[in-house]
Number of protein chains: 4
Amino acid sequence: MPDRNFNEASHAPKRRRRRRKEARPAELIEAGLLEFSEKGFAATRLEDVAARAGVVKGTIYLYFDNKEALFRAAVRSNVLPAIDSVTHLLDAYQDDTESLLRLAFQTIYARLISGEVRIILRIVLAEGPRFPEILEFYHANTISVAKRLIRRILERGVARGEFRADLDVEQPLVVAAPAIVAGLWMTTFDRLEPLDIEAYSRAHADIIMNGLLRRP
Amino acid sequence: MPDRNFNEASHAPKRRRRRRKEARPAELIEAGLLEFSEKGFAATRLEDVAARAGVVKGTIYLYFDNKEALFRAAVRSNVLPAIDSVTHLLDAYQDDTESLLRLAFQTIYARLISGEVRIILRIVLAEGPRFPEILEFYHANTISVAKRLIRRILERGVARGEFRADLDVEQPLVVAAPAIVAGLWMTTFDRLEPLDIEAYSRAHADIIMNGLLRRP
Amino acid sequence: MPDRNFNEASHAPKRRRRRRKEARPAELIEAGLLEFSEKGFAATRLEDVAARAGVVKGTIYLYFDNKEALFRAAVRSNVLPAIDSVTHLLDAYQDDTESLLRLAFQTIYARLISGEVRIILRIVLAEGPRFPEILEFYHANTISVAKRLIRRILERGVARGEFRADLDVEQPLVVAAPAIVAGLWMTTFDRLEPLDIEAYSRAHADIIMNGLLRRP
Amino acid sequence: MPDRNFNEASHAPKRRRRRRKEARPAELIEAGLLEFSEKGFAATRLEDVAARAGVVKGTIYLYFDNKEALFRAAVRSNVLPAIDSVTHLLDAYQDDTESLLRLAFQTIYARLISGEVRIILRIVLAEGPRFPEILEFYHANTISVAKRLIRRILERGVARGEFRADLDVEQPLVVAAPAIVAGLWMTTFDRLEPLDIEAYSRAHADIIMNGLLRRP
DNA sequence: CATGAATGAGCCTTCATTCAT
DNA sequence: TATGAATGAAGGCTCATTCAT
């Protein structure tokens, strides 16, 4: 049970009023994210979300119009940050493209392990068909950006003569796919057959790099 | 003319719409498969499943104990056949491993396009966490078998000196991952950004093969 | 499971046609009686009744219009016979009234133990309020007759100077009540606290006889 | 669907019918008690119970887990108080045992007429076989206590030389039976043949007392 | 006569949503 | 802001009843 005893305190010990106004929804979004990812949209009960956030059911409606609004907010919440960090990498990079791509892989796997990204990914795949809007949003803000990113790396490698000249740079998804599958695996089959993420990511980088690099 | 119903019978004879005498359970499973994949388990209404199969709600219970039993049956229905065809390929193969793997890729993509496999895959990923039993079943009967298959191909390649000696044959998932991602893409983002499955699968085979083969 | 294999036999091995026509409903009534007494009217499933009689659900409708009709038939079935035997006793009796009443008690308890009577009694008490018709029927054919019977015995005892002159012969129910309670006990609390029916019926006869007889 | 109070209502703010601020569960139990006794457990519709209590169906589930829980609560509600009052009688009694027993009879009949006790008794007898738990509870808290009570009175009478020495004090049920039967009669056959409760209870006390007392 | 597949109405139960406090 | 009691609309499941075979 989270702390709920600072409510009646006349002087909030921590946050200013302006912050509090955003603190509550954030808690609800966080709680919603977890519930939705565990149960799916339809099977998630707002009562459980509320309990997880330490409030009662009705309180949710102070911040969100309805269940779907909360769902959308939850999905949107953690999407953007995941991309930016990788994007900046590329712009300023000076070294050879192999190490750049390996760096990108490292970043991706680090994020996969953290959990947030995995959860959202699974939710989007699971509920996407019923929420085209979310699908669109996720595609535009995550998938599409990530694809473009990989593609630019591929183009860079080809342009600099590092990658094979006959590479189809239009298919960056192929290059990233093993990481995506790893993320899905960790939210599904991992309990049945744990994935050695270390060895897996090494094999991923190894095979793909080998497949991309120009033969000497 | 029947001197029996001379009374107040004002209603038409109301002939039952009799379908082809196909197996009922199979029709229901088929209908369930589609509904579940569209809406997810919780949001699927048995009434809709029944309607899709041309019967009424109650009829489902003549063949399945409850909603979950139907769900399980739907998932199980199309799992087994998908594997066998590929397995046989390997046992009798005589040619070089590259062409063997390319053949395997071809088979995989052909199945992905057909739809059935894709649907099940998405359902399992989406609802898996709430149905450990199904996850287990699918893992044991599909994922696991497929992984082992790819691994044997990799081992064959290495053993015959065709693939790189330092290849980590313990990570066959990396090799197959792009195909899995393609399958998922087609059930989610394809409407937003259609995947050129031809080019994609070519790039997949191209990059991976290049990554696996020994350098001359 | 009763025999169901004589159905397709072209030559019925046992009964003539006329008998069979009554044999089936009797089986259903018997089965219904048991089910109704165990579960009550509403909770009894015709499927269970049918199974108990070795037929399928639909067959019941060949003999009874609906569930209620079967229920009525079941209740009626074993009512009449229970009374007659006692009635005849009285008419021809020559001995003293004490032994006559003791004989009646014996008969009543013998029947209580057999079960049929008990079951019906419980059903009538349980479902009576919703089936006034049955209540009426049972009252007219069983309760009322039994009451009149006891009353006549009481009157006989008073008339012959054997029973107390100030006895209220209008309340025969008081005299029979312990037997009724015994019957109910055996269908309800007996598992929790078994009734020593021997000692109980002796105490019943003892106390009541003592209460009825004239003081010397 | 949503707000409907701004529309065609000419006036009337449509205030919720707010009952007296009585305890909700108690109202529901009261309503349930009546419905169950009229229709039996299976045939009782929670919608009717709710309507009787002035709420909607769903409200019941705020206080009770399910139909059965409500049923149990209804049975329990009126059991305990019914016993205590009689128990106290015995402990402090100083007078002769005949008047003590007559007093006990009076109390019992007074309660029978009030209705609550009768209703519960009938419910327990009717639904008992399907609710062993309730049967047990009722037996332990009512039947058993009442039996012990009567027995103690009988023992007192015998010990003081007031009742016959050869009395079987192990069968107190025989002594109380006529009252039980009266209670059942009033919930079943009374409409068909009204019971003169005055005369009946007098006959009961008269015969039983006569049967118990030592002959001079 | 009997079957068994199918129907359709009904009820229990859940839960998103509302609202007076 | 937050609560919690209450609502009302579904949806899962059951089962009496029907009917073609």
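Quick note on labels: first sequence line is chain A, next is B, and so on, each numbered from 1. In this text, all values refer to a predicted model and were calculated from it rather than measured experimentally. Reckoned from all heavy atoms, side chains included, excluding hydrogens, waters and symmetry mates.
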Write down the distance between [atom1] ([X]) and [atom2] ([N]), rounded to a whole number of angstrom.
| X | N | atom1 | atom2 | value |
| --- | --- | --- | --- | --- |
| B:Leu62 | E:dT3 | CG | C1' | 14 Å |
| D:Leu70 | E:dT13 | CG | C1' | 14 Å |
| C:Leu28 | E:dA2 | CG | C1' | 12 Å |
| C:Ile60 | F:dC15 | CD1 | P | 13 Å |
| A:Glu35 | E:dC15 | CD | P | 12 Å |
| B:Glu27 | E:dA6 | CD | C1' | 13 Å |
| A:Lys67 | F:dA9 | NZ | C1' | 14 Å |
| A:Asp48 | E:dT14 | CG | C1' | 12 Å |

Q | Pair of N/O donor and acceptor under 3.5 Å linking F:dT17 base with C:Lys57 side chain | A | yes

For [N], take OP1 and OP2 only and decide whether either is under 4.0 Å from a side-chain N or O of [X].
| X | N | answer |
| --- | --- | --- |
| D:Tyr61 | F:dT7 | no |
| C:Tyr63 | E:dA2 | yes |
| B:Arg24 | E:dA6 | yes |

Quiz prompt | Which atom of A:Ile60 lies closest to which atom of A:Leu46, heavy atoms considered | solution =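 So the two residues come closest at CD1-O, 3.6 Å.
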
Consider the side chain of [X], meaning its heavy atoms from C-beta on, and name the nucleotide among [options] that approaches it most closely.
| X | options | answer |
| --- | --- | --- |
| C:Val55 | F:dG11, F:dA16, E:dT3 | E:dT3 |
| B:Arg45 | F:dG11, E:dT7, F:dC13 | F:dG11 |
| C:Val56 | E:dG8, E:dT3, F:dA6 | E:dT3 |
| D:Leu46 | F:dC13, E:dT13, F:dT1 | E:dT13 |

Quiz item: Using purine N1 to pyrimidine N3 plus N6-O4 or O6-N4 for Watson-Crick, or N1-O2 and O6-N3 for G-U wobble, each under 3.5 Å, what pairs with E:dA20?
Solution: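 Base-paired to F:dT3.
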
Note: for A:Thr59 and B:Glu47 on DNA chain F, the residue whose nearest nucleotide lies more 5' is A:Thr59

Heavy-atom nearest nucleotide on DNA chain F for A:Gly58 versus D:Gly58: which residue maps closer to 5'?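 Upstream on the strand: A:Gly58.
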
Do side-chain atoms of B:Arg122 reach the backbone of A:Leu125 as a donor and acceptor pair under 3.5 angstrom?
yes

Practice task
Measure up the C:Phe71 and C:Phe131 rings against each other and bin them: parallel (under 30°), tilted (30 to 60°), perpendicular (over 60°).
Solution key: tilted

**Asked** Between C:Glu68 and C:Arg130, is there a side-chain N and carboxylate O pair less than 4.0 Å apart?
**Response**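 Looking at C:Glu68 and C:Arg130, the cut-off is not met.
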
(Q) Less than 4.0 angstrom from a charged side-chain N to a carboxylate O is my criterion; do D:Arg52 and D:Glu38 meet it? (A)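 Looking at D:Glu38 together with D:Arg52, the answer is yes, because their closest N to O distance falls below 4.0 Å.
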
With DNA chain E as reference, determine whether A:Phe41 or D:Phe41 sits nearer its 5' end, using the nearest nucleotide of each.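 On the 5' side of the pair lies D:Phe41.
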
